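Structure first, then comments.
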Amino acid sequence: MRYSAAALLRNAIGGQRHWRPAWRFPRPRTRYDVVIVGGGGHGLATAYYLAKRHGIRDVAVIDKGPIGLGNTGRNTTVVRSNYLLDPSAALYEHALKLWEGLSQELNFNLMFSQRGVVALAFTRHELTEMERRVGALKLNGIDSEMLTLDELRRRVPLLNLSRELRYPVLGAMVQPRGGNARHDALAWGYARAADALGVDIIQSCPVSAIRVERGRAVGVETAQGCIEAGRVAVVAAGHVTTLMETAGVHLPIQSYPLQAMVSEPLKPMLDTVIMSGLVHCYVSQSDKGELVLGAARDSYVSYAQRGSAHINAATIAALLELFPVLSRVRLLRQWAGIVDVTPDLSPIIGPTEVRELYVNCGWGTGGFKATPGSGWVFAHTIATGAAHALNAPFGLERFARGALIDESAAAGVSH
Ligand SMILES: Cc1cc2nc3c(=O)[nH]c(=O)nc-3n(C[C@H](O)[C@H](O)[C@H](O)COP(=O)(O)OP(=O)(O)OC[C@H]3O[C@@H](n4cnc5c(N)ncnc54)[C@H](O)[C@@H]3O)c2cc1C
């Protein structure tokens with residue numbers, strides 16, 4: 001749906017009475033070719049690419065609440081592709097390339113801003129790991145550079161580079177093409193585009209179970225009745241384990257609350273993303289001027305989406321160590337999301353032992369950046385019944401084979 005300038009003017013002076021919703025609110029039909037459980041960015045992107053690239057339009061995306069209010073609408077919006085291992089680098093770089101044309105493709109301003117992502121090193125070990133990572137990234141054709149302290153000072157003038165710090169900064173790496181985007185715009189953009197291609201988006205409809213007959217997924221049980229499906233795809237971050245258990249599929253996942261917060265709005269002061277592993281905090285400045293602060297995950301598994309004062313206090317202490325100039329800034333609000341974490345901190349994308357049941361989960365603290373790539377490869381997997389080369393290494397069976405993709409260094413900071 002495209003709005004002309006004249007239509008915008010007409011709606012503005014007409015009190016928006018004729019404003020059409022960006023997507024429909026259909027009642028669920030009794031059967032679809034594909035039912036996607038979870039209307040976060042990944043589920044909506046999957047639906048869009050199924051319709052757009054594979055011509056599969058008889059698709060429903062079902063969410064227990066309004067779309068995009070899970071982790072998609074709660075994350076701190078860092079987008080980058082600087083992962084160490086070849087399979088991850090390929091998958092996240094594919095996603096980043098899609099990001100670069102996505103506002104145009106969806107005709108929706110995602111406010112994607114490639115302002116660079118700078119990761120700080122505080123110990124010799126961190127510095128060595130970064131040098132190794134930059135080398136690996138260059139071999140994979142992904143933009144990445146080490147920064148000297150002088151370069152860092154020029155790039156982030158307010159950063160405290162004093163030698164007197166508890167942990168002085170020793171160096172940094174940067175991915176210039178990394179940055180931020182508006183998180184809920186991603187969900188809305190994909191939702192509108194998928195809807196326009198015929199996908200039904202069913203909101204406020206919790207799925208309680210996956211129906212399996214003779215080893216094959218045949219539908220889902222929902223608050224609005226049973227819906228039959230030729231294929232069922234579960235993309236329900238944070239709550240995926242309990243849902244998949246209803247189909248007899250056990251996932252090696254633990255769910256944790258991950259904390260975040262924003263400050264009051266400030267004048268522009270930080271034009272890049274700062275990630276800091278040892279002095280744990282990551283921070284960027286939103287277009288509204290708020291400092292968006294990422295904290296750690298809680299130490300205990302839990303489904304409680306509430307704040308953890310000690311985690312937030314540690315993050316604020318870290319921020320002030322890096323930017324003492326912010327000591328009088330006030331916090332505006334804080335929140336948490338439930339993230340699903342695998343043993344190797346890499347996602348699970350692929351078929352399961354139940355025929356026609358597919359799962360996309362385990363993105364942990366860092367799946368926002370991957371959304372376009374994840375939806376793209378997952379749609380391919382659902383449409384063809386087989387993994388794409390990019391997601392083949394990320395199958396569930398890797399845990400049985402011991403073929404883990406250990407990204408604890410690249411995913412160590414929660415972002
Ligand atoms: C505080 C925080 C900061 C983060 N920061 C970053 C970051 O900077 N960069 C980054 O790349 N990633 C970040 N992440 C991670 C990122 O947000 C997630 O990996 C990503 O958004 C997952 O998207 P998704 O679509 O899979 O899940 P979600 O957006 O969580 O969507 C899952 C959907 O499933 C629905 N659902 C669940 N159970 C059911 C059910 N039974 N029936 C129907 N629907 C159901 C939920 O309502 C939800 O809408 C962060 C996460 C958090 C919490």
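Just so it is clear, the model here is predicted, and its values are computed rather than measured. All ligand and atom numbering here is 1-based and tracks the order in the structure. Worth knowing before you read on, the calculation uses all heavy atoms, side chains too, and leaves out hydrogens, waters and symmetry mates.
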Could you tell me whether some N/O pair between Val78 and ligand 1 is separated by less than 3.5 angstrom?
-> yes
Contact check, Gly238 vs ligand 1, heavy-atom distance below 4.0 Å | no
Proximal ligand 1 atoms for Ala237, defined as those under 4.0 Å from one of its heavy atoms | 26 (O), 27 (O), 30 (O), 32 (C)
Gly364 heavy atom under 4.0 Å from ligand 1 | yes
Report the residues that fulfil side chain to side chain donor-acceptor pair (under 3.5 Å) with Asp86, sequence neighbours left out, ordered by chain and then residue number.
-> Asn140
Select the closest option to atom 53 (C) of ligand 1 among Thr371, Asn71, Thr46, judged by heavy-atom distance.
-> Asn71
Give a yes/no on ligand 1: does Gly294 have at least one heavy atom closer than 4.0 angstrom to it?
-> no
Could an N or O of ligand 1 be found under 3.5 Å from any N or O of His239, whether backbone or side chain?
-> no
Give the numbers and elements of all ligand 1 atoms closer than 4.0 Å to a heavy atom of Thr72.
-> 21 (O), 23 (O), 25 (O), 28 (P), 29 (O)
Atoms of ligand 1, numbered as shown, that sit under 4.0 Å from any heavy atom of Gly38 = 33 (C), 34 (O), 35 (C)
Short list, please: which atoms of ligand 1 are under 4.0 Å from a heavy atom of Gly70?
-> 29 (O), 30 (O), 49 (O)
Please determine if Gln259 has a nitrogen or oxygen closer than 3.5 Å to a nitrogen or oxygen of ligand 1.
-> no
For ligand 1, which part of Thr77 has a heavy atom less than 4.0 Å away: the side chain, the backbone, both, or neither?
-> backbone
State, to 0.1 Å, how close Ser408 and Leu345 come at their nearest heavy-atom pair, and which atoms those are.
-> CA-CD1, 3.6 Å
Which of the ligand 1 atoms, numbered from 1, are nearer than 4.0 Å to a heavy atom of Ala260 = 1 (C)
Of the choices Gly367, Gly43, Pro66, Gly375, which has the non-hydrogen atom that lies closest to atom 18 (C) of ligand 1?
-> Gly367
Kindly assign one of parallel, tilted or perpendicular to the pair His42 and Trp363, based on the angle between their ring planes and the thresholds 30° and 60°.
-> tilted
So, Asp195 side chain and Arg24 main chain: donor-acceptor pair closer than 3.5 Å or not?
-> yes
Side chain or backbone of Val240 under 4.0 Å from ligand 1, or both, or neither, by non-hydrogen atoms?
-> neither
Nearest heavy-atom contact between Ala185 and Leu110 is O-CD2, 3.4 Å
Would you mind finding which of Val220, Asp63, Val37 brings a heavy atom closest to atom 49 (O) of ligand 1?
-> Asp63
N-O pairing of Asp58 and Arg29 below 4.0 Å | yes
Consider every N or O of Cys205 and every N or O of ligand 1, then say whether any pair is closer than 3.5 Å.
-> no
Subset of ligand 1 atoms that lie under 4.0 Å from at least one heavy atom of Arg74 = 1 (C), 2 (C)
So, does Gln259 use its side chain to make a donor-acceptor pair with the main chain of Gln334 at under 3.5 Å?
-> no
Using salt bridge (Lys or Arg N to Asp or Glu O under 4.0 Å) as the criterion, point out the one residue from Arg328, Arg330, Lys288, Arg333 that pairs with Glu264.
-> Arg330
Salt-bridged, Arg177 to Glu100, with N to O below 4.0 Å?
-> yes
Using distance alone, determine whether Gly65 and ligand 1 share an N or O pair under 3.5 Å.
-> no
Could you check Trp99 against Tyr92 for ring pair (Phe, Tyr, Trp, His ring centres under 6.0 Å), going step by step and ending with a plain yes or no?
-> CA-CA 10 Å; Trp99 270 110; Tyr92 287 96; over 10 Å; no
Side-chain donor-acceptor contact under 3.5 Å, Gln203 with Asp63 | no
Over 60° means perpendicular and under 30° means parallel, so classify the ring planes of His388 and His94, tilted if in between.
-> parallel
For Trp363, the ligand 1 atoms with a heavy-atom partner under 4.0 Å come out as 19 (O)
